[in-house]
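Order of the sequence lines fixes the chain letters, A, B, ..., with proteins taken first and strands second; residue numbering starts at 1 for each chain. Note that the structure is predicted; figures quoted are calculated from it, not measured. In what follows, every heavy atom counts, from backbone to side chain, and hydrogens, waters and symmetry copies are set aside.
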Amino acid sequence: MARPFYITTPIYYVNDAPHIGHAYTTVNCDAVARWHRLLGDDVFFLTGTDEHGLKIQRAAEAVGLTPLEMADRTSERFVEAWRELDISNDDFIRTSEPRHYTAVQEFLGRIRDNGHIELDSYEGMYCVSCEDYYTEAQAPDGMCPIHHRPLETLAEENYFFRLSRFEQPLLDWYEAHPDFVQPVTKRNEALGFIKQGLQDISITRTSIDWGVPVPWDDRHVFYVWYDALINYATAAGFGTDPERFERLWPVVQHVIGKEIIRFHCVWWPAMLMAAGLEPPKEVHVHGWLLVGGEKMSKTKLNHIAPSELVADFGVDPYRYHFLRDVAFGNDGDFSYEGMVQRYNTDLANNLGNLLSRVATVVGKKSGGVGPAPSPDSPLAAVAAAVYADAADAWERIVPSEALEATWRLIRETNAHLEVNEPWKAEPGPEDDAVLGDALEVLRIVAILASPAMPATAREIWSRIGLPGAPEDQRLPEAAVWGGYPGGLPVEKGDPLFPRMNPS
RNA sequence: GGCGGCGUAGCUCAGUUGGUUAGAGCACUCGGCUCAUAAUCGAGUUGUCGCCGGUUCAAAUCCGGCCGCCGCUACCA
């Protein structure tokens, strides 16, 4: 049976419309999922929406909707955004679904049965107007930062998760699993947090209705984070399909933004341990997409919706840009000018033009029939090295490196053409070999680039006359030099990526 | 305050068991080519490797100090 590969995006909170930051995470996961499908893995790629909590309840009240109606609206926008971006998720989970309620109640019930959830009292500084608690860091002067009124000290009976008991188990887990959190700087951050000591966390609320009911005490609902994290287990079949869950857990790999490290790298593994389950295999942390050097936010009005850029660049160039331009793990500063530049350089000039020039010369010198490559072409070694590097980078979830490696092959091929000048040579076996080499590179590039640009890869594939589609190929065999059979019709067609005006 | 990280060509960055002339891509300059989307190919320019001091035959790479920047420091979806 194929190796299971389970990858997740965070579930996105439905108080915000999809922007390029959400899309960044999702496209990265999608490309990795597609890569693993090429490897023949049994891929399960999950995304979805997080819908409970006070913010949604209030936002719904403000416009006269039920919380679920409110969530329906925004959740649908995420579904549409991912459809537009050619995201190949195998499931889309919503925390308002019955299957999730089942899983959450089972999961937290198990933790309670294991003695790690207990009733206790939470005391904090409370603002009546906000109906919310503030920490000392948030309100050092004891005044509500929003209403500027004195906070009251209030105690509430809540159920607590005994997170403090998992300090040592977590440290042991990190010790035994050096790759648990990547990159290592984020791992240090999580570790530092654990080492400073962990406090128990109140995980239920009585002041909210919009949440998963606590099965053993109907006055409470679970605090939103506590139900949200469990989505990863829900979708894997926890509580509903034990056999499936057995297969998908704990091979799961989470991809998250750096703002939610604590939840995924501390709370979540502790919760799993408390429930008698294993922590996830790996958590991959990426940075933020900045605009003008600043984080996107509603108040700064610097949100960019993916569709705005897709309208100008197209879906595949959009995907390519964010996969290639930002080193995974670092913050990346987005600029429209930079995107145009990379589009022109990488896509129009290097890749698009390579296909274009090869197709033209094949038309002139080989009668439009693509010749087979030479078995001992110097490009064969380049292709092999590039494949090794790309495969390694995809495995580590560093798409920028995988694509950088792939483009190395494109550049080498342009140079190879320059040296051999097939457009000058007399038609014949030698000329055919040079053109065949270039076509073979295009075949391999189509496969290697298909996780990033699925539609483009299919287009290249069909223009060089190959039957089927790049997605149907199986790695690593399909990347071996010599797969292009020759004797296939090569079609020039319109430019894949018309150059854009830099201004 | 505590813990952690960063500061390398105009830009984005790579570069740890310390060792020949410090690298890549982009940008720029010159040249070639004209099959190709004024694309492509080749050559080349630019760096006190934040500053000061130390260890060493030898440091971007180790140690100390300093300057500048940043992240985390719990119930923010």
query: Side-chain contact, heavy-atom cut-off 4.5 Å: A:V224 with A:T95?
result: no
field: Within-4.5 Å side-chain heavy-atom neighbours: A:Y320 and A:Y343
entry: no
[X] has an atom [atom1]; how far is it from atom [atom2] of [N], in whole Å?
| X | N | atom1 | atom2 | answer |
| --- | --- | --- | --- | --- |
| A:I203 | B:rC75 | CD1 | C1' | 11 Å |
| A:Y223 | B:rA74 | OH | P | 14 Å |
| A:W288 | B:rG71 | CH2 | C1' | 9 Å |
| A:D333 | B:rC70 | CG | C1' | 15 Å |
| A:R324 | B:rG25 | CZ | P | 11 Å |
| A:W267 | B:rA74 | CH2 | P | 12 Å |
| A:W268 | B:rC75 | CH2 | C1' | 17 Å |

message: Applying salt bridge (Lys or Arg N to Asp or Glu O under 4.0 Å), can you list everything that pairs with A:E167, at least two apart in sequence or on another chain?
response: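 Once residues adjacent in sequence are excluded, A:E167 has no partner under the salt bridge (Lys or Arg N to Asp or Glu O under 4.0 Å) criterion.
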message: Among residues at least two apart in sequence or on other chains, which ones pass salt bridge (Lys or Arg N to Asp or Glu O under 4.0 Å) with A:D72?
response: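 Only A:R94 meet the salt bridge (Lys or Arg N to Asp or Glu O under 4.0 Å) criterion with A:D72.
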May I ask which nucleotide in the shown strands pairs with [N], Watson-Crick or G-U wobble, both distances under 3.5 Å?
| N | answer |
| --- | --- |
| B:rG7 | B:rC67 |
| B:rG44 | B:rC28 |
| B:rG1 | B:rU73 |

Qualifying residues under side chain to side chain contact (heavy atoms under 4.5 Å, CB included), relative to [X], sequence neighbours excluded:
| X | value |
| --- | --- |
| A:E418 | A:R357, A:W423 |
| A:A190 | A:Y174, A:I261, A:C265 |
| A:Q168 | A:L171, A:D172 |

For residues 192-200 of chain A, tabulate all N or O donor-acceptor pairs below 3.5 Å that involve a side-chain atom, not counting sequence neighbours.
| unit_1 | atom_1 | unit_2 | atom_2 | d |
| --- | --- | --- | --- | --- |
| A:D200 | OD1 | A:L163 | N | 3.2 |
| A:D200 | OD1 | A:S164 | N | 3.1 |
| A:D200 | OD1 | A:S164 | OG | 2.7 |
| A:D200 | OD2 | A:R162 | NH1 | 2.9 |

query: Can you give one letter per nucleotide of nucleotides 28-40 of chain B, 5' to 3': B if a protein heavy atom sits under 4.0 Å from the base, S if only from the sugar-phosphate, - if neither?
result: ----BSSBBB-SB
- prompt: Salt bridge or not for A:R58 and A:E61, using N-O below 4.0 Å?
  reply: no
task: Scan residues 385-404 of chain A for pairs that pass salt bridge (Lys or Arg N to Asp or Glu O under 4.0 Å), counting only residues two or more places apart or in two chains.
output: A:D389-A:R408, A:D392-A:R396, A:R396-A:E401
Checking all strands, does [X] fall into the base, sugar-phosphate, or nothing category for heavy-atom contacts under 4.0 angstrom?
| X | result |
| --- | --- |
| A:Q199 | base |
| A:Y12 | nothing |
| A:G197 | base |
| A:L355 | nothing |

query: A:D331: what forms a side chain to side chain donor-acceptor pair (under 3.5 Å) with it, not counting sequence neighbours?
result: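 Here the qualifying residues are A:K258.
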Pairs: protein N or O with nucleotides 13-15 of chain B N or O, under 3.5 Å:
none

query: Taking RNA chain B as the partner, which of residues 391-407 of chain A come within under 4.0 angstrom of it by heavy atom?
result: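 Nothing qualifies; none.
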field: All ring pair (Phe, Tyr, Trp, His ring centres under 6.0 Å) counterparts of A:F160, not counting sequence neighbours
entry: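 For A:F160, no residue satisfies ring pair (Phe, Tyr, Trp, His ring centres under 6.0 Å) once neighbours in sequence are set aside.
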